[in-house]
Asker: 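My structure is below; once you've seen it, I'll send some questions.
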Amino acid sequence: MKLNKLKSYINAFLLGMVMSMKVDELKSLGVDERILRLLRERGIEELYPPQADALKTEVLKGKNLVLAIPTASGKTLVAEIVMINKILREGGKTVYLVPLKALAEEKYKEFKFWEKLGIRIAMTTGDYDSTEEWLGKYDIIIATSEKFDSLLRHKSPWIKDINLVIADEIHLLGSYDRGATLEMILAHLDDKAQILGLSATVGNAEEVAEWLNADLVMSEWRPVALRKGVFYHGELFWEDGSIERFPTQWDSLVIDALKKGKQALVFVNTRRSAEKEALLLAGKIQRFLTKPEERKLKQLADGLDTTPTNQKLKEALTKGVAFHHAGLGRTERSIIEDAFREGLIKVITATPTLSAGVNLPAYRVIIRDTKRYSNFGWVDIPVLEIQQMMGRAGRPKYDIEGQAIIIAKTEKPEDLMKRYVLGKPEKLFSMLSNEASFRSQVLALITNFGVGNFKELVNFLERTFYYHQRKNLEALEGKAKSIVYFLFENEFIDIDLNDQFMPLPLGIRTSQLYLDPVTAKKFKDAFEKLEKNPNPLGIFQLLASTPDMSSLRVKRKEQEDLLDYAYEMEEYLYQNIPYWEDYKFEKFLGETKTAKLLLDWINEVNDVKILETYEIDTGDLYRILELVDWLMYSLIELYKLFDPKPEVLDFLKKLHIRVKHGVREELLELITLPMIGRKRARALYNAGFKGIDDIVRAKASELLKVEGIGIGVIEKIYQHFGVELPTNEKKKKVKKGTLDEFFK
DNA sequence: ATAAAATGCCTTTAGACAGCATGTC
DNA sequence: CTAAAGGCATTTTAT
């Protein structure tokens, strides 16, 4: 039986009978010679035991496999060997699914290595796109789950060539917001392609493996030993029972790590804590820096923008500490990550951004908090997550062991030890039942995947993890019914006399745009008011009110002002202002705040000013703008389906560009130029260069006088018009001439 | 009388995927 | 049944 086989793998590990394996032995397992050669070239002579276990299953012969082993214990290498071998032997395409855009980039860089064998690798996320045909030329396609789900919906012709799907971090099946997407992708493909699931250690990996009809390899083995403990008032209780004494405060653990010449990573549960602890620690560890290190750190800090949060970051950074959370901009994040890897930054205090994202190991990991505030109040952080944080301890090649230490404050240290150190991680549960994900998936099944009636819908649902796990579709069927009714009632689909589903244009477009049907409905319902009174604030408020947009939180002290603002602007809004006792009230104020921010943005309010006014960080602003860009486009696309008025459509399109770039209408022309964003465009405009013509006719030397315009920018603009400036000689010449003259 | 310290009440709280067509300051 | 830290205003204490 399958189960016995599973058990045998597990037992083999437990008994310590699994030995490591030489790379050469892979040959007998059918691994292509060329792969072995490159592995050796990379310096890999021997495989880690779990890697060997994984490859000894029938995964190389095409059998599905779930590999549940700790982070950094070599899951990726297994994936690489399996997929490259498959491509070399059988051809076909591999899709490599990741949960984060940052991980897509990381894997892309890693897999580039295999281009030596002529293997073509592409990455596609919401940021970096590529036409569908273009992707057809590649052997390995790295994508986020959502992006790939979207590609599936678009029915690209190359989808049929996929014969291997690798789901990295497959335990995200259990993620409340995003698990359903991954689950549906796997349900779609499990009879068409081989599946390799890479998972953290979870409570019920067997269940996932059974669902996928896969072998299971589990192990706790790590290349760097991990030593875990709990710290309580100066006493460090190691899991083996030994006790080590330190000064009472937990920061002594950080200082101790530095004394050993090592780095530390501190996990906390709020951004504010991350910033506070970073600054506190900075004062205490500065003395460990060498002069050259201080100089380099100073340089890094000087290179950062001067936003309120960056001021604090700079202060910490010059002292060898950084904080890391989602409020930071992308530049800041990657600077910090790189500098920590180099060893320049000694300590990072981080929110969970670092527990699941890019791999950033440190000798000692300190977990200050094990509770977190959520929508449902104060909750214990799941064991799975804490263990992922702990898993960041120990740098391969640098450390013999890594240490992960949980700080006990009010909780009993023995409770923390039992729960997080010795305890088993939670089981994974299907999140298909999450209504928001499910309705979007039901729509896609009908509009994009040819599900023609309720019976077929239920048949498909029987392939899901949800069904496998519960063996009972009743609840899901009930939900599906109400969703189908919702879709029918709102003209996403039609249902004919024989109860057959018929996709309607609104449904098809909604699914392609990857919108929540509720968002699409909100848009549709607003079109009448929008035509009567098209205005930015009303539109922004509409976007902010959809479930696809995460609006800002409103602080107590802002409530009154925002309500006044809403009443002042009432005539522009497409919805009524709710009463304060209404449950929608707080949500409404958040939407209003978001809309007001966006209005400031398109009126060219300085970004730092925006950050200060709304008490948000760069990363938050960036995320809002990213969402609005997508939703604004979607709004326009849906409006096109409803007999659009040309002038309204034109208004929306202009507004889209304005919000994308954060400019007033008069800058729309300048903004089309390369390297010209809201700041430079405004500077040019104020200097009298109001349009493309002015730029073309202007002398380069004149343009250079404008703030923010350097020779590099001019060069890019000239290139845009097909004029090359190859040498420095010419650059000087250009300053005198105009772009216009080049055309003669 | 004035300033510092203590007290108490109130407020706040993690993260980040998606379209489409090419490039910010 | 459910946290903890920071901000702010008020009250108490010290000089």
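Here is the naming used below: chain letters follow the sequence lines, and residue numbers restart at 1 for every chain.
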Asker: If you look at every strand shown and take non-hydrogen atoms under 4.0 Å, does A:Thr353 touch a base, only sugar-phosphate, or nothing?
Answerer: sugar-phosphate

Asker: Any heavy-atom pair between the side chains of A:Leu673 and A:His720 that's under 4.5 Å?
Answerer: yes

Asker: Which part of the nucleic acid, if any, lies within contact of A:Arg556, taking any heavy atom under 4.0 Å across all strands shown: a base, the sugar-phosphate backbone alone, or nothing?
Answerer: sugar-phosphate

Asker: Taking any strand in view, what nucleotide pairs with B:dT22 in a Watson-Crick or G-U wobble way, both distances under 3.5 Å?
Answerer: none

Asker: Just the rounded figure in Å: distance from C1' of B:dC20 to CZ of A:Arg509.
Answerer: 9 Å

Asker: Are a donor atom and an acceptor atom from the side chains of A:Gln441 and A:Asp149 found within less than 3.5 Å of each other?
Answerer: yes

Asker: Which of these passes side-chain contact (heavy atoms from CB on, under 4.5 Å) with A:Glu604: A:Lys679, A:Arg658, A:His661, A:Arg682?
Answerer: A:Arg682

Asker: Rounded to the nearest Å, what distance is computed from the CZ atom of residue A:Phe523 to the C1' atom of nucleotide B:dA18?
Answerer: 13 Å

Asker: OP1, OP2 of B:dA16 versus side-chain N and O of A:Arg333: anything below 4.0 Å?
Answerer: yes

Asker: Under 4.0 Å between a side-chain N or O of A:Thr410 and OP1 or OP2 of C:dA3?
Answerer: no

Asker: I want to check one thing: is the phosphate of B:dG15, taken as OP1 and OP2, less than 4.0 Å away from some side-chain N or O of A:Arg178?
Answerer: no

Asker: So, OP1 or OP2 of B:dG19: does either fall under 4.0 Å of a side-chain N or O from A:Ser634?
Answerer: no

Asker: In whole Å, what is the span from the CD atom of A:Gln559 to the P atom of B:dT11?
Answerer: 9 Å

Asker: Identify, between A:Arg272 and A:Tyr373, the residue whose nearest nucleotide on DNA chain C lies closer to the 5' end.
Answerer: A:Tyr373

Asker: In whole Å, what is the span from the NZ atom of A:Lys101 to the P atom of B:dC17?
Answerer: 5 Å

Asker: Could you tell me the separation between the CD atom of A:Glu105 and the C1' atom of B:dA16, rounded to a whole number of Å?
Answerer: 14 Å

Asker: Take the protein atom CG of A:Leu172 and the nucleotide atom P of B:dG15, then report the distance between them rounded to whole Å.
Answerer: 16 Å

Asker: When you look at CD of A:Glu707, are more than 12 heavy atoms from neighbouring residues, nucleotides or ligands closer to it than 6.0 Å?
Answerer: no

Asker: With heavy atoms under 4.0 Å as the rule, sort A:Leu627 into base, sugar-phosphate or nothing.
Answerer: base

Asker: Both distances under 3.5 Å, Watson-Crick or G-U wobble: on that basis, could you give the dot-bracket string for DNA chain C, with [ ] for crossing pairs and | for other-strand partners?
Answerer: ..|||||||||||||

Asker: Any side-chain N or O of A:Lys409 under 4.0 Å from OP1/OP2 of C:dA4?
Answerer: no

Asker: With DNA chain B as reference, determine whether A:Arg623 or A:Pro674 sits nearer its 5' end, using the nearest nucleotide of each.
Answerer: A:Arg623

Asker: Categorize A:Lys716 for me: base, sugar-phosphate, or nothing, with a 4.0 angstrom heavy-atom threshold over every strand shown.
Answerer: nothing

Asker: How about A:Arg368 and A:Ser273: does a side-chain donor come under 3.5 Å of a side-chain acceptor?
Answerer: yes

Asker: When you look at CH2 of A:Trp580, are more than 12 heavy atoms from neighbouring residues, nucleotides or ligands closer to it than 6.0 Å?
Answerer: no

Asker: Ignoring hydrogens and angles, state whether a donor on the side chain of A:Tyr514 or A:Asp548 is under 3.5 Å from an acceptor on the partner side chain.
Answerer: no

Asker: Would A:Tyr514 pass as stacked on B:dG19, i.e. its ring centre under 5.5 Å from the base's six-membered ring centre and planes under 30° apart?
Answerer: no

Asker: Need one value for A:His324: base, sugar-phosphate or nothing, where a base atom within 4.0 Å counts as base even if backbone is also close, heavy atoms only.
Answerer: nothing

Asker: For B:dC17, give the paired nucleotide (Watson-Crick: N1-N3 plus N6-O4 or O6-N4; G-U: N1-O2 and O6-N3; both under 3.5 Å), or none.
Answerer: none

Asker: Among side-chain atoms of A:Thr353 and A:Thr351, is any donor-acceptor pair under 3.5 angstrom?
Answerer: yes

Asker: Select base, sugar-phosphate, or nothing to describe what A:Gln512 touches, counting heavy atoms under 4.0 Å on all strands.
Answerer: sugar-phosphate

Asker: To the nearest angstrom, how far is A:His325 atom NE2 from B:dT13 atom P?
Answerer: 12 Å

Asker: Look at all strands and tell whether A:Ile676 reaches a base, only sugar-phosphate, or nothing, counting heavy atoms closer than 4.0 Å.
Answerer: sugar-phosphate

Asker: Taking any heavy-atom pair under 4.0 Å as a contact, classify A:Asp629: base, sugar-phosphate, or nothing.
Answerer: base

Asker: Does the side chain of A:Glu332 come under 3.5 Å of the side chain of A:His324 through a donor N or O and an acceptor N or O?
Answerer: no

Asker: Output the single nucleotide from C:dA3, B:dC20, B:dT24 whose closest atom is nearest the side chain of A:His154.
Answerer: B:dC20

Asker: For the side chain of A:Thr351, counting heavy atoms from C-beta on, which of B:dC20, B:dA18, B:dG15 is nearest?
Answerer: B:dG15

Asker: Any idea which of B:dA18, B:dT24, B:dG19 is nearest the A:His661 side chain?
Answerer: B:dT24

Asker: Could you check A:Lys555 against A:Asp305 and say which one's nearest nucleotide on DNA chain B is further toward the 5' end?
Answerer: A:Lys555

Asker: Between B:dA14 and C:dC1, how far is it from one C1' atom to the other, in whole Å?
Answerer: 25 Å

Asker: Think A:Thr144 has a side-chain N or O under 4.0 angstrom from the OP1 or OP2 of B:dA18?
Answerer: yes

Asker: If you look at every strand shown and take non-hydrogen atoms under 4.0 Å, does A:Leu673 touch a base, only sugar-phosphate, or nothing?
Answerer: sugar-phosphate

Asker: CZ of A:Arg553 versus P of B:dT11: gap in Å, rounded?
Answerer: 13 Å

Asker: Strictly by modelled atom types, are A:Gln249 and A:His233 linked by a side-chain donor-acceptor pair under 3.5 Å?
Answerer: no

Asker: Among B:dA18, B:dT12, B:dA14, which nucleotide sits nearest the side chain of A:Ser150?
Answerer: B:dA18

Asker: Side chain of A:Lys371 only, heavy atoms from C-beta on: which candidate in C:dA3, B:dA14, B:dA18 is closest?
Answerer: C:dA3

Asker: Quick check: on DNA chain C, is the nucleotide nearest A:Arg368 upstream (toward 5') of the one nearest A:Lys557, or the reverse? Name the residue that is more 5'.
Answerer: A:Arg368

